S.K.: 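Sharing a structure with you now.
None of the values given here were measured: they were computed from a predicted structure. We use all heavy atoms of the structure for the numbers below, so side chains are in, but hydrogens, waters and symmetry mates are not.
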Amino acid sequence: MPPIGPPGRKQPREKQKPKNTKAAIKRLLSYLSGEKYKIITAITCVMVSAAANLGAAYMLKPIVDSLVGEGSVNDKLIKLAGGLALMAAVYFVGVAATYAQSRIMIGVSQGTLKTIREQLFKKLQKLPVRYFDQNPTGDIMSRFTNDVDIIGEMLNSTIIQIFSGAITLLGTLALMIYTNWMLALVTIVVAPITAKVGATIAGKSRKYFMEQQTALGKVNGYIEETVTGQKVVKVFNHEDKIVEDFSNLNGNLKDVQIKAQFMGGIMGPCMNALSQVNYTLTACVGSIIAYITSLGTNAFFAPITIGGVTVFVNFSRQFSRPINEIAQQITNIMSALAGAERVFDVMDRECEKDDGKQLKLENVHGDVTVENVTFGYNEDKTILKNISIYAHPGQKIALVGSTGAGKTTITNLITRFYNIDKGKITIDGVDIKDIRLEDLRENIAMVLQDTHLFTGTIMENIRYGRLDATDAEVRQAAITSCAHMFIKNMPDGYDTMLHGDGSNLSQGQRQLINIARAALSKAPILVLDEATSSVDTRTEKQINDGMDALMKNRTTFVIAHRLSTIRNANAIMVLENGEIIERGDHDELLLAKGRYYELYTGVKELD
């Protein structure tokens, strides 16, 4: 059974089926198309570095042969010094090329990551609200952190290392054949075995690394949920329960990480073992051929000198090293591709549909009609059933009813957070489906029960309602919402910094800033969803007085459990099970002694 997180939060989605590996690679490489000249330069540096390392290694042959050959000690020392100096110069060139390649690829990889993050963040802004309702925040955040970082690691080093390994492998093979073709056969016989072992391990690694990334996303998501909901956890004494649930998720992560890391970890030892076998065989066979060569009996064996054997055994070990590195990098690629698939999964999600035909909605009066609307978040469950509401400019329409009756759903449909299944919603006679989303929401201001404040000053948070507002307009909005009194008593007034969603403010103060934000907006339509639920009765009266001025000439939809706040509403809609069962003003509904009477008085009228 999956763990139960804090109330109101969605559980992480189960593991998705991986996408096509070739498609993921092709898509990742497409991000590098604009950096082709830098990549060509980096590849050139890789080739220079590989050639320098191979050339310097081969230079050991004449040095060794000169030491064991005939000649005076002085001549040998001169040749040794000259050979070592030349080797040092060649190695220096290789080091310089490696440094240049690293600097170039770091810039390329970080630039690519910047592009991926920007595209991913931009995509999130275009996704429908449904996506965020169905996916935990922690899992979404892991796409920006774990998944993107591991992609960056691959772009930064893995691709170049594979290319470098391939060049080194081919160069080493060519030099080995040139040095002694018979010894090269020994290495070539062992190489396919090494490659087969590496490919087998890498094939198993991909599956486990995908499971690791998914499990890590679940752990991060659960941590984010429990940290956000700590007050709820503590008030219900669920500390032990969430520790147990986290332990289950963490244990699952440990299990899949053990499998993934084990498969990745045994790659090196297996390759090294095979490398040592190859090295031993080469040294033994090479020594025999060198001995036969020294005797002058070399009719069958390809001749080789002591210097040749010395160089060749180094080449033999070097030949296994790039195979080993390539095999290890394949593991990194598998992990990066698993992360890339998760990132591309978000990028490939269907954007919020904006099929509006109306280019600009001018001079909105706020005449809103909801005609015979039927809607369900899921196809198998209908939330609203044939709902009709009419609101004229300046009117205050109240929506009341039991929890789950569909009150908030109506406002979600007016703002097109969700699209209706049947029926029609119009503003000033224009179907909202024909209005651009940006233009539609520009004309609607919302105050939600769940406040959200951004890191920044109080002034900046209020100005979020209209970015071009002046400081004077911001202060006037704060006065209207009764937020000015507590703001001016803050240490830095309107310049007070807010952190952690306004954790240095009370819940009521956060709501007042939220209301001031809506007051600053010039939107002709207001949606107040339990806007005063977090303030005391005295503050509520002050807010209602300010709201009366705020709602003047604006069409307002109010969702309220405190029915005393909606007594002056022009019309009150009573919802039950997704249907409007009563409508009228406060006095009319009290006289009817129906459901509204029960909600208002708490007394059930007997038949």
Side-chain angles (χ1 to χ4, degrees), residues 129 358 361 364-377 382-435 437 440-441 443-449 518 523-531 547-548 550-563 565-590 592 594-597 599-600:
V129 172
Q358 184 80 21
L361 198 62
V364 176
H365 300 292
D367 201 332
V368 181
T369 63
V370 178
E371 301 178 14
N372 303 318
V373 167
T374 297
F375 171 78
Y377 292 104
T382 301
I383 302 298
L384 298 179
K385 307 167 187 175
N386 201 36
I387 295 293
S388 294
I389 298 174
Y390 307 94
H392 299 297
Q395 284 190 330
K396 179 179 179 181
I397 307 298
L399 305 174
V400 301
S402 305
T403 301
K407 306 181 296 295
T408 300
T409 300
I410 293 176
T411 60
N412 284 340
L413 297 180
I414 293 175
T415 54
R416 281 195 69 188
F417 288 157
Y418 292 86
N419 290 316
I420 61 178
D421 298 329
K422 296 179 181 178
K424 183 171 65 172
I425 299 176
T426 65
I427 294 179
D428 290 357
V430 180
D431 194 323
I432 61 172
K433 289 184 177 180
D434 295 331
I435 304 174
L437 287 175
L440 171 68
R441 293 168 185 170
N443 288 282
I444 301 174
M446 297 188 72
V447 179
L448 304 177
Q449 182 177 5
I525 301 172
L526 282 176
V527 175
L528 310 176
D529 189 351
E530 295 292 338
M547 282 295 183
D548 288 338
L550 174 64
M551 292 183 290
K552 187 177 182 180
N553 299 322
R554 297 191 187 195
T555 304
T556 306
F557 291 90
V558 181
I559 299 174
H561 285 297
R562 293 185 184 178
L563 301 187
T565 64
I566 59 169
R567 284 179 297 185
N568 63 342
N570 298 98
I572 300 172
M573 309 294 169
V574 183
L575 284 87
E576 199 69 37
N577 296 321
E579 298 180 285
I580 296 178
I581 58 174
E582 294 178 354
R583 66 177 73 210
D585 61 27
H586 174 74
D587 294 331
E588 292 172 345
L589 293 176
L590 284 182
R595 179 59 178 158
Y596 180 79
Y597 178 84
L599 294 171
Y600 186 79

S.K.: Can you find a pair of side-chain heavy atoms, one from Ile435 and one from Asn443, that are under 4.5 Å apart?
M.R.: no
S.K.: Side chains of Arg441 and Arg416: does their closest heavy-atom pair fall under 4.5 Å?
M.R.: yes
S.K.: Between Leu589, Val558, Ile572, Ile559, which is the residue that forms a side-chain contact (heavy atoms from CB on, under 4.5 Å) with Val400?
M.R.: Ile572
S.K.: Anything under 30° is parallel, anything over 60° is perpendicular, the rest tilted; go ahead and classify Phe375 against Tyr377.
M.R.: perpendicular
S.K.: Picking from Asn570, Ile397, Val527, Leu526, what satisfies side-chain contact (heavy atoms from CB on, under 4.5 Å) with Thr556?
M.R.: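 One option only clears the test, and that one is Leu526.
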S.K.: Considering residues at least two apart in sequence or located in another chain, which fulfil the side chain to side chain donor-acceptor pair (under 3.5 Å) criterion with Thr415?
M.R.: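 So Thr415 forms no side chain to side chain donor-acceptor pair (under 3.5 Å) with any residue.
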S.K.: Would the distance check show the side chain of Gln395 and the main-chain N or O of Ala571 forming a donor-acceptor pair, the cut-off being under 3.5 Å?
M.R.: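 No, the answer is negative, given that no donor and acceptor are paired below the 3.5 Å cut-off.
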S.K.: Once side chain to side chain donor-acceptor pair (under 3.5 Å) is applied, do any residues pair with Asn577, and if so which ones, sequence neighbours excluded?
M.R.: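 Scan of Asn577 (side chain to side chain donor-acceptor pair (under 3.5 Å), adjacent residues dropped) gives none.
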S.K.: Nearest 0.5 Å please: distance from the CG atom of Leu590 over to the OH atom of Tyr600.
M.R.: 6.5 Å
S.K.: Would Ile432 and Ile427 count as a side chain to side chain contact (heavy atoms under 4.5 Å, CB included) if you check the C-alpha gap in whole Å, the side-chain angles of each, and the deciding distance to 0.1 Å?
M.R.: CA-CA 7 Å; Ile432 61 172; Ile427 294 179; 3.9 Å; yes
S.K.: Search all heavy atoms of Ala405 against all heavy atoms of Leu575 and return the closest pair with its distance.
M.R.: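 Scanning both residues, the minimum pair turns out to be CB-O, 3.5 Å.
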S.K.: Working to the nearest 0.5 Å, report the span between OG1 of Thr411 and CD1 of Ile525.
M.R.: 12.5 Å
S.K.: Taking Asp367 for the side chain and Pro393 for the main chain, is one N or O donor matched with an acceptor at less than 3.5 Å?
M.R.: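 Flag not set: sc Asp367 to bb Pro393 has no pair under 3.5 Å.
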S.K.: Looking at every non-hydrogen atom in both residues, tell me the closest pair between Ala523 and Ala445 and how far apart they are.
M.R.: CB-N, 3.6 Å
S.K.: Atom CD1 of Ile420 and atom CD1 of Ile410: how far apart are they, to the nearest 0.5 Å?
M.R.: 12.0 Å
S.K.: Applying side chain to side chain donor-acceptor pair (under 3.5 Å) between Thr369 and each of Thr426, Asp428, Asp431, report the one that passes.
M.R.: Thr426
S.K.: Without swapping roles, check the side chain of Thr382 against the backbone of Gly376 for a donor-acceptor pair under 3.5 Å.
M.R.: no
S.K.: Is a donor from one side chain sitting under 3.5 angstrom from an acceptor on the other, for Asn568 and Lys396?
M.R.: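 On atom types as modelled, these side chains qualify, holding a pair under 3.5 Å.
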S.K.: Start with the C-alpha gap between Asn412 and Val129, add the side-chain angles, then the distance that decides, and say whether side chain to side chain contact (heavy atoms under 4.5 Å, CB included) holds.
M.R.: CA-CA 9 Å; Asn412 284 340; Val129 172; over 6 Å; no
S.K.: Ignoring hydrogens and geometry beyond distance, is a side-chain donor-acceptor pair present between Thr374 and Asn386 at under 3.5 Å?
M.R.: no
S.K.: What distance do Arg595 atom CZ and Glu582 atom CD have between them, rounded to the nearest 0.5 Å?
M.R.: 9.0 Å
S.K.: Could you grab the distance from atom NZ of Lys424 to atom CD of Glu371, nearest 0.5 Å is fine?
M.R.: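 Between atom NZ of Lys424 and atom CD of Glu371 there are 5.0 Å.
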S.K.: Heavy atoms only: give me the nearest Ser402-Lys407 pair and the separation to one decimal.
M.R.: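 The answer is O-NZ, 3.0 Å.
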S.K.: Who pairs with Arg583 by salt bridge (charged side-chain N to carboxylate O under 4.0 Å, His left out), at least two apart in sequence or on another chain?
M.R.: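 Checked Arg583 against salt bridge (charged side-chain N to carboxylate O under 4.0 Å, His left out); zero matches.
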S.K.: Working to the nearest 0.5 Å, report the span between CD1 of Ile383 and OG1 of Thr408.
M.R.: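 So the CD1 of Ile383 and the OG1 of Thr408 are separated by 11.5 Å.
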S.K.: Do Ile387 and Leu413 come close enough that some side-chain heavy atom pair is under 4.5 Å?
M.R.: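 No, every pair of side-chain atoms sits at 4.5 Å or beyond.
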